[in-house]
Structure formats: structure tokens, C-alpha cells
Amino acid sequence: MRNRLILLGITASIWAMLKLVDSLVTGPEVLFLLYVFLALMITHSVWLFSAQSEWHKKARRFVRRRVSRTVRKVLNSSQAPPSPSRISDDNLAGDAWHPWVDIFVAAKNEGRVIGNTVETLFKLDYDRFYVWVIDDGSTDNMPEVLAELATRYDGLRVIRRDPGAVPGKSAALNDALPLSKGEVIAVFDADAYVEPDFLNQILPHLQDEGVGAVQAQKRIYLHQEGFLVGCQASEYALDTYLQVGRDLIGGAVELRGNGELIKRVALIDVGGWNNRTLTDDLDLSMRLLVSNWDIKFCPDAHVFEEGVINIKALWRQRRRWAEGSIRRYLDYIFPLNSPTRLSLVERIDTLVFTVYFVVPALILMELTSDVLRFFTGGPTYGSFLALSVLAAFWVSQLNLFIAVRLYRKLGVWQALVDSLVVISYMFMHWMPCIVISFGQILFGKQASTWHRTEHIGQTTSNV
């Protein structure tokens, strides 16, 4: 009810503002607002690209300097190795913090994938961690698989949730939190695959006192094939591009549920996970943000996961993501706009990403208005609406083109074709997902039901 009232209030405010614009500006008032939002999207995209471009230039210069120094040392083999006193503090910074890590994997009926995931986690090149698998009332063979794994790994802890327990991933993670003692909580999905150096790569990002969490780069298994899988791989590349940019400008980096690490002190400070949310990761991101905890992004640490392979599963997953994303903005709308909670950059960054959810609704509003005007003999603005949609399409496509070039390493022409196809696929399913989610919040009796993403159990021997 609270979210419905807030969304109704926002809708009424926008309607009143549009009527005011209509009295001052000749033409379609919704399109005027669309142009304002498009200007925000373009400005934000340029901002992210500028920051990221400079970062990649610095990274390439850093690599060249390291290679040059290595070559000089090889050529000058008689040079004595540096003494410990000459090693800089920067080289020691990564070794100064060596926390105990508790790894949480919440799972239900994941007998096909949980074995590979647990075995992968115990190959981590780190000496201070436990793996906690929270079995959320599985009815498949997962309990038997876990029992066998427990005979091989002393560091495996299995929690069996009772029937009738509060459903959902957040509740499962909250059950494990008081039983664990680690300084850092790492959260993985049941189909996760990581390289052995994962924790060594990502933990230094948590070392600063004000940093509460860090997210790894998510990627789709490289051995999976198919149109939908390829589209999701490009979507994940776009997410990486945006997350890196947001981190570099000091914006609001978000957690992604798989491959996220959170300090225990930060989790306790915000009250753990929210049992009522559809998207545990996005909700936690908001609560950390408004509680003045920074979230960092680590593109060098990769977590691989299965891509969704059929339309039904994809639609269910994206509907949950869309509704959860909108609801979290409504849940925290007042602290998100507080200058005492967020910096100016974080507020601007959050505002622009909110716009990405508003634009499809505005397009639908203007399309509906145009249809009504057409049948009542009024003036229509179809060409202006088409230009607005085309502008939103090209802004998104350009971001995606850069992302797949940087993070999927595609050639120019391959990246151009891929970005055009994938952005079309994204518009085709994200726009109806967002519009339906708005309708669910405004007119539904309750939030949509949380559904887990089904995993098919492809081997992770070759990511």
C-alpha cells in the first residue's frame, strides 16, 4: 500500500507538471518530459564513458610500465633483488588485511549444480573460509549430494531449513548470518563458478573502513551457446560497463546477488537482508547506500553463472528484476534524496537510473494519448514519439557497443551487429516488463511472488 500511494503521488505530480507545461508549451507535453529525460541519459552516458575511458588508458599505461620493468630486469640478470626495506607500502597493502570469510550459498532443489559449485569454492586459493550451504527445504537429491560432500570437506557447513520457514533467498541468508562468525560474508548462487584467485582479487577492495561491500563481474558460462545466452552475455557486459563507470565517478554501485562480498559490520548495521523484497541484492544495495556504506566494483574478479535458455524462464526472471528494481526505489525514495545520506554524485547517478524505468511508462502514455487523439480527430505527434523512441534506442545501443567491445572483446563489426541485435532484444522484453511492473504496483493486491531461476546443470569444467 505504501508503494502504491507513493507511485500514485509521483504519477499525480508528473501529471500536474505536464499540465503546467501544456499551458506554456505548444505540442505534446509528455514528449517534452521525454526529451528532458533523454538529455539526462545522454549526459550520464558521456560522463560514464569519459571516466571509464580515462581509467582504461591509465590501466594500459600501468601494464606497459610493468612489462617494461620486467623486460629490463630479465635483460639485466645480474641485478640483485630488492631488499625488503625497498618494497613500497603499496605492495604490502593487499597483504595487510586477511579476514575470515564465510561463503553463503542459498539453494533449493539444486542437486544438479550444487556439487560442482561446492567443489569449485573449496579450490579457492585462500586459507580462512567456511562454505555454508542453506538448504531451503529441497525435495530433490540435493540433501544426499551435500551429505556426500560433507564427508570430503571439513569446511562445509549445511543448514537445513524447516518446512514452513519464511520463503526466499533473503530469509535463507538471514538464517545463516547469526551462525557464522567471519568478518566478511560472500554470497554465491548455486550455479556459481570462480577461479581459485577470486578472493585474493576481490578482498583488497573491501579494505577501506568506509567500504561495506564489493561486487564481482558477472559473466555467462563461455561454453553455453544459443541466441538467448549470447544476448545475456552482452547484457552482462553492459552491466559491467555501467558498474565500472559508476564506481569511477563515485556513483551508486549495486550488488548483483552472485559474487557479492559484504562486511559483517555493514550487514549488522543495516539489519541483514530484507525478507519481504523480490530482489535481495538491490534492496541491500539501497540500504547500504542510505546508511553511508560505499559499494565498490571489481571487474578483475569474475563469477560465472548459467544463462537462461528459454523465453518463459527469462520472462519470469526479468519480471521479478523489474518489479524489484522499481519497488526498491519506492521503498527508499526519501533517504535516497537526502543530502545527509547520499553525496550529490550518488543522488544524480541514482536519479538517472530511475529515469531508465520511467521512460518506457512515458512512451506508453504518449502512445495511448496519440491513439485517443487520432480517433477523436485531435492532432497526433507520432513522428515526435518515434524520434524519442529512436533516440532512447541509439543511446542504449551506443553504450552496449562500447561494453561488448571492452568486456566481450568483440571486433568492431561483430560488436556493431551484436549491439543492434541485443538492444532490440532488450527493448522487446524490458519495456513490457517495466510497464507491467508499474501496473502490478499500482493495481495489484500484493507484490508478485518470488520465483528462483531454474538451473539446468551444465558442467562447469570449461567456463
Side-chain angles (χ1 to χ4, degrees), residues 48 51-52 55 58-59 62 89-104 124 126 128-129 173 177 180-188 194 197-218 239-274 279-303 328 332 335-336 338-350 353:
L48 293 182
Q52 191 155 210
W55 177 76
K58 290 180 179 179
F62 174 77
D89 293 338
D90 291 339
N91 293 331
L92 295 174
D95 300 325
W97 192 55
H98 195 65
W100 188 275
V101 180
D102 282 311
I103 298 173
F104 288 1
L124 286 168
Y126 196 76
R128 306 186 72 194
F129 71 91
L173 295 173
L177 186 59
S180 63
K181 303 298 180 184
E183 296 172 72
V184 173
I185 306 298
V187 180
F188 291 98
V194 292
D197 66 343
F198 179 87
L199 289 178
N200 295 317
Q201 288 273 12
I202 200 170
L203 278 172
H205 292 264
L206 272 177
Q207 189 165 345
D208 289 348
E209 185 177 346
V211 176
V214 59
Q215 174 62 49
Q217 179 186 165
K218 286 179 59 174
D239 182 66
T240 297
Y241 173 73
L242 296 175
Q243 291 266 61
V244 169
R246 299 178 84 176
D247 195 5
L248 292 170
I249 67 174
V253 174
E254 296 175 334
L255 299 175
R256 291 292 180 253
N258 191 15
E260 63 183 32
L261 276 70
I262 314 105
K263 285 181 180 173
R264 173 180 294 275
V265 63
L267 266 175
I268 299 302
D269 183 48
V270 301
W273 287 271
N274 181 0
T279 47
D280 57 282
D281 45 3
L282 298 179
D283 182 271
L284 181 59
S285 300
M286 292 293 100
R287 286 189 291 123
L288 289 169
L289 185 63
V290 301
S291 298
N292 294 313
W293 288 100
D294 286 338
I295 302 175
K296 306 300 288 183
F297 185 75
C298 179
D300 299 319
H302 302 157
V303 55
R328 56 83 184 257
Y332 304 101
L336 281 174
S338 169
T340 61
R341 300 289 191 102
L342 276 70
S343 68
L344 178 61
V345 171
E346 288 172 333
R347 278 181 284 149
I348 293 173
D349 185 50
T350 304
F353 272 88

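Position 1 is the first residue of the sequence, and the numbers go up from there.
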- [ ] Could you tell me which residues satisfy ring-ring contact (aromatic ring centres under 6.0 Å, His included) with F198, sequence neighbours excluded, listed by chain and number?
- [x] F188
Open item on the list: Ring centroids only, cut at 6.0 angstrom: are H205 and F297 within range, meaning strictly under it?
Closed with: no
Task: V303 to G259 - nearest heavy-atom pair and separation - done: CG1-CA, 4.0 Å
TODO: Measure the shortest side-chain to side-chain distance between T350 and I348 over non-hydrogen atoms and say whether it is less than 4.5 angstrom.
DONE: no
Task: Side-chain donor/acceptor of D349 to backbone N/O of G251, under 3.5 Å - done: no
TODO: Of all the heavy-atom pairs spanning W97 and L203, show the shortest one and how long it is.
DONE: CZ3-O, 3.6 Å
Open item on the list: I need the minimum non-hydrogen distance between L267 and I262, along with the two atoms involved.
Closed with: CG-CG2, 3.7 Å
TODO: Could you tell me which residues satisfy side-chain hydrogen bond (donor to acceptor under 3.5 Å, both in side chains) with S338, sequence neighbours excluded, listed by chain and number?
DONE: T340
Open item on the list: Please report the interatomic distance CG(N292) to CG(L288), rounded to the nearest 0.5 Å.
Closed with: 10.5 Å
Task: Test salt bridge (Lys or Arg N to Asp or Glu O under 4.0 Å) applied to K263 - qualifying residues, sequence neighbours left out - done: none
Open item on the list: Testing the basics here: between L48 and G245, what is the closest heavy-atom pair and its distance to 0.1 Å?
Closed with: CD2-C, 3.4 Å
Task: Separation between CG of L282 and CG of D280, rounded to the nearest 0.5 Å - done: 8.0 Å
Open item on the list: Less than 4.5 Å apart, side chain to side chain, heavy atoms only: is that true for E260 and D281?
Closed with: yes
Task: Any residue meeting side-chain hydrogen bond (donor to acceptor under 3.5 Å, both in side chains) with D197, in chain and number order, not counting sequence neighbours - done: Q201
- [ ] Output every pair passing salt bridge (charged side-chain N to carboxylate O under 4.0 Å, His left out) with a member in residues 249-259, not counting sequence neighbours, ordered by first then second residue.
- [x] D239-R256, R246-E254, E254-R256, E254-R328
- [ ] Could you pull out all residues at least two apart from D283 that satisfy side-chain hydrogen bond (donor to acceptor under 3.5 Å, both in side chains)?
- [x] N274, R287, Y332
TODO: List the atom of P99, the atom of V184, and the distance in Å for their closest heavy-atom pair.
DONE: CG-CG2, 4.0 Å
- [ ] Measure the spacing between CG of L173 and CH2 of W273 and express it to the nearest 0.5 Å.
- [x] 4.5 Å
- [ ] Check side-chain contact (heavy atoms from CB on, under 4.5 Å) between D208 and all other residues, then give those that pass, not counting sequence neighbours.
- [x] V211
Task: Spacing of CG belonging to L261 relative to CG belonging to D102, to within rounding of 0.5 Å - done: 11.0 Å
Open item on the list: Tell me the closest heavy-atom pair linking G272 and L177, and the distance in Å.
Closed with: CA-CD2, 4.5 Å
Task: Contacts of type ring-ring contact (aromatic ring centres under 6.0 Å, His included), residue F353, not counting sequence neighbours - done: H44, Y356
- [ ] Give, for atom CD of E183 and atom CH2 of W100, the distance between the pair rounded to the nearest 0.5 Å.
- [x] 11.0 Å
Task: Side chain proximity check, V253 to K296, heavy atoms < 4.5 angstrom - done: no
Open item on the list: I'd like to know if the side chain of Q215 reaches the main chain of N258, judged simply by a donor and an acceptor atom lying under 3.5 Å from each other, with no hydrogens or angles considered.
Closed with: yes
- [ ] Could you list the residues that satisfy side-chain contact (heavy atoms from CB on, under 4.5 Å) with E346, not counting sequence neighbours?
- [x] L289, D294, L342, S343
- [ ] Kindly say whether L255 contributes a backbone atom to a donor-acceptor pair with the side chain of S285 at under 3.5 angstrom?
- [x] yes
Task: Set of side-chain hydrogen bond (donor to acceptor under 3.5 Å, both in side chains) partners for S180, sequence neighbours left out - done: R264
